[in-house]
Number of protein chains: 2
Amino acid sequence: MPDPTARRAPDPSTRDPSSHDPGTHDPGSREHVTLADVAARAGVSPMTVSRVVNERPGVGDATRARVRDAVAALGYRPNVVARSLKRSRSHTLGLLVPDVTNPYFPDLVRGAEDVAFEAGYTLLLHNVIEDAEREAAALALFEERRVDGVIAASPRLPEDRLHAHLARHGAAVVVNRRAPAALAGSVRVDHEAGAEAALHHLVRGGARTLGLLAGPATSHAGRERRHGVARALDATGATLPDTRIVEGPPTIPGGEAAARDLLTRHPDVDGLVCFNDLVAAGALRAAAALGRRVPDDIAVVGYDDIAFAAMFTPALTTLRVPTYAMGGHAMRMLLDRMDGRRRDVGIVVQPELVIRDSTRPEEDRA
Amino acid sequence: MPDPTARRAPDPSTRDPSSHDPGTHDPGSREHVTLADVAARAGVSPMTVSRVVNERPGVGDATRARVRDAVAALGYRPNVVARSLKRSRSHTLGLLVPDVTNPYFPDLVRGAEDVAFEAGYTLLLHNVIEDAEREAAALALFEERRVDGVIAASPRLPEDRLHAHLARHGAAVVVNRRAPAALAGSVRVDHEAGAEAALHHLVRGGARTLGLLAGPATSHAGRERRHGVARALDATGATLPDTRIVEGPPTIPGGEAAARDLLTRHPDVDGLVCFNDLVAAGALRAAAALGRRVPDDIAVVGYDDIAFAAMFTPALTTLRVPTYAMGGHAMRMLLDRMDGRRRDVGIVVQPELVIRDSTRPEEDRA
DNA sequence: CCGGAAGACGTTAGCGTTACCGTTCCGACA
DNA sequence: TGTCGGAACGGTAACGCTAACGTCTTCCGG
């Protein structure tokens, strides 16, 4: 937490007078042109200028032109802060994301932003680095800034705290998590089905001694995938005891460390289900470092199908998730909810298994 | 542009009465608690509440405690919009970025955000997808929202237009571009030196017939790298005529298309300098598709050293750029400029050549 | 020629907060 | 006892904008 008393605005009346440069006046603290300035210049009332600026009716053509000229001449830009206060709508949306450094999220951000931009909204972005406290802080900040709505991607907060925050927002959508329809819409991937598909594919390729790099314990998506894995396990002859499940950060180093740990403790593991493609990338590295050949000694499945998955060595088998589209869906759902239309309580998208070179082909006899 | 008249706020007085759930009151359109509400509850004036909320002196301990209780009881959150209007400082910063989908930028964003968060600022993010018009629109939007400062990463706008926009902001920093110190600070990479290093490395590895995948024509970084290449060329026996320079989008498909084009027109090219690692990744793909072995038939150098560069096949030789640190530098510089301290007019960081497997080792006799 | 409707504009009053200046009150000190 | 400094508060007026309503034209049918 930054100390709010530590940083104070410099007193404008005591600015260093030695730094005045002649010619143009101090570019640091521009005075902003206001509606009233424009009104004075155009010889009309501020209200008329407001009408012109907001393209509302009730202004004659001649006056409208005069106002437009004045706006251009003075370089007037409406003050959205004042407008927001008056209308009590900020035209700003909050977007909470664990970490844009994970290539899964930029696509989501872009999908959301493209739709928001189209609708005339601006985004406040917060990376929350897998930290529940920072997540709560971000949600509170969004509220103080009076955003018109929030999208929380993969929130890690426990149910009660998350719900409390969501309830304080006019509209909300969560991604990769469920939420009561009254509080928030939901866009999520059928992670259980995805994990099941991954596991079946591994087993059909001949893997019997499986391992799971489960990602962060706080991840809901991770939990759902574990359920999927457990469910699929029953139908196969493969084994995956808890000792071969290892958690860790959803990053390349995290995956590398987890895989190294698992593979030294259980050298006989021949199939690896990974939390996401980054963890899988780390696993690939660890396998290489430990001298295991992929997929011959050990098969690896990732999750997300980030753009780079195809560039790995070997090219990664993974589950494709339509991330960009999900961002768009989430944003459209949010806009709908802001309008009071809150029909779609949830969207569930199906991941698609993309088979590349990090797993063995499925055996016919299976 | 979205039609501003198309979207109207729902009339709260005509809310659907069938959706009232007993117990908690309607979570969709919360009424916000104001300072005055707290003041009434605590039996003091709004001004006193303001003092408590802002941790200013002039309030007795007993009163302070009473106010704090009222704040907690009512769940009061200050309205930052109103505060911004009054103080004419929004505590919001604008961050303009070409495309977070390019892994170069998330690190920059994170570096900037971490510093901003520490200082109590929130970020407005705009992806501008290599489009000068969207860039101008974003800068204008930032201005309307009265951000306290702007960071423009890799802006594509021509000088005059960029300067005009920067001048309208109280404080600004540009990344990967120069700017007059009066208008903006600057954090950039010595791209000339980087390109030179790349070229020398290729030549020392035996490459003689070089090609350049130059990225977008509008990129300043790209232009500087071209200068570096040209300068280095003089000192070597290698050749790189304009016909072997091909431009294109800074993405994997863009690089693949460019490389395919170049390699079919000039099958004898044996060394490739790429705009960034994404373009290099595309080139790697194209080379594989065309049956060229890397690095034996053709050596490839990327730029940026994104996290995945080491995972490519072959692992990519590239120039490491300290992206996260640059984001932090840019933000600190911005905060300094906002405070009126604008000493550091520019930071130039040196890229570092990271030699991996996509280039041949340097020959001793060179 | 008049009533009246419609369009074109101005006036007023805040939105929630804080800067600035007053007021009150209490204790210290001559 | 007087008064004087300071701490602890309250009152007032904006910040820039716009909803709501008022006023003044203009113009048309009857």
Side-chain angles (χ1 to χ4, degrees), chain A residues 4 8-14 29-67 70-71 74 76-91 143-146 148, chain B residues 4-5 8-9 11-13 30-67 70-71 74 76-91 143-146 148:
Chain A
R8 262 173 318 157
D11 185 352
S13 63
T14 58
S29 57
R30 293 196 59 78
E31 289 305 315
H32 277 287
V33 179
T34 77
L35 245 182
D37 298 335
V38 178
R41 160 76 105 118
V44 296
S45 86
M47 199 54 234
T48 301
V49 179
S50 171
R51 277 188 271 254
V52 173
V53 169
N54 293 292
E55 300 186 51
R56 279 186 226 277
V59 183
D61 289 346
T63 313
R64 196 174 288 272
R66 233 175 41 249
V67 171
V71 165
L74 298 177
Y76 169 72
R77 291 256 137 205
N79 184 330
V80 175
V81 175
R83 179 182 291 169
S84 300
L85 178 59
K86 176 65 191 176
R87 297 203 199 162
S88 58
R89 302 197 84 216
S90 63
H91 258 71
E143 190 191 340
E144 294 188 352
R145 298 200 116 83
R146 297 297 189 266
D148 298 333
Chain B
T5 64
R8 262 175 316 159
D11 184 354
S13 64
R30 293 196 58 80
E31 289 304 315
H32 277 286
V33 179
T34 76
L35 243 183
D37 298 334
V38 179
R41 162 75 105 116
V44 295
S45 89
M47 201 52 240
T48 300
V49 179
S50 173
R51 278 189 270 256
V52 173
V53 170
N54 294 293
E55 301 186 52
R56 279 184 227 278
V59 183
D61 289 345
T63 314
R64 198 175 285 272
R66 233 175 41 251
V67 170
V71 165
L74 299 176
Y76 169 74
R77 295 251 134 209
N79 184 332
V80 175
V81 175
R83 178 181 292 169
S84 301
L85 178 61
K86 179 65 192 173
R87 294 201 195 158
S88 57
R89 301 198 84 216
S90 63
H91 258 71
E143 190 191 339
E144 294 188 353
R145 298 201 117 86
R146 297 297 187 268
D148 297 335

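Just so it is clear, the structure is predicted and the values come from calculations on it, not from any experiment. In what follows, chains are A, B, ... by sequence order, proteins preceding strands, each numbered from 1.
Closest to the side chain of B:T34, from the set C:dT18, C:dC9, C:dG16, is C:dG16.
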* Heavy-atom protein contacts under 4.0 Å, nucleotides 19-24 of chain C, coded B base, S sugar-phosphate only, - none -> BB----
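One distance of note links CZ of A:R41 with CG of A:L74; it measures 5.0 Å at 0.5 Å rounding. Note that CD of B:E143 and CG of A:N79 are 10.5 Å apart. Values are rounded to the nearest 0.5 Å.
Not counting sequence neighbours, the partners of B:R77 by the side chain to side chain donor-acceptor pair (under 3.5 Å) test are A:E144. Partners of A:D148 by side-chain contact (heavy atoms from CB on, under 4.5 Å), not counting sequence neighbours, listed by chain and number: A:R89, A:S90, A:H91, A:L93, A:Y121, A:M338. Residues meeting the side chain to side chain donor-acceptor pair (under 3.5 Å) test with A:T48, sequence neighbours left out: A:S45. Remark: A:R83 engages A:N54 in a side chain to side chain donor-acceptor pair (under 3.5 Å) (not counting sequence neighbours).
Extent of DNA chain D lying under 4.0 Å from chain A heavy atoms, first and last nucleotide in 5' to 3' order, is D:dG16 to D:dA20.
Paired with B:Y76 under the rule side chain to side chain contact (heavy atoms under 4.5 Å, CB included), one option of B:V38, B:D37, B:V67 passes, and it is B:V38.
At a threshold of 4.0 angstrom between heavy atoms, the contacts of B:V44 are confined to the sugar-phosphate backbone, with no base atom among them. Residue B:S88 is out of contact with every strand shown, counting any heavy-atom pair closer than 4.0 Å. Looking at heavy-atom distances under 4.0 Å, B:T63 makes contact with sugar-phosphate atoms alone, never a base. A:G60 comes within 4.0 angstrom of sugar-phosphate atoms only, judged by non-hydrogen atoms across all strands, and of no base.
Between B:L35 atom CG and C:dG16 atom P there is a gap of 10 Å when expressed in whole angstrom units. Per the geometry, CZ belonging to B:R89 stands 24 Å off P belonging to C:dG16, to the nearest Å. Computed from coordinates, the A:D61 CG to C:dG7 C1' distance equals 12 Å when rounded to whole Å. Per the geometry, CG belonging to A:L85 stands 9 Å off P belonging to C:dT17, to the nearest Å. Rounded to an integer number of Å, the gap from NE2 of A:H91 to P of C:dC15 is 22 Å. Separating the CZ atom of A:R145 from the P atom of C:dT17 is a distance of 14 Å, rounded to the nearest angstrom.
Mapping B:R146 and B:V59 onto DNA chain D by nearest heavy atom places B:V59 closer to the 5' end of the strand.
Considering every non-hydrogen atom in both A:V49 and A:A39, the closest pair reads CG2-CA, 3.6 Å. What you find for A:L85 and B:A82 is that their closest heavy atoms are CD1-CB, 3.7 Å.
Residue B:N54 places at least one side-chain N or O closer than 4.0 Å to OP1 or OP2 of C:dT18.
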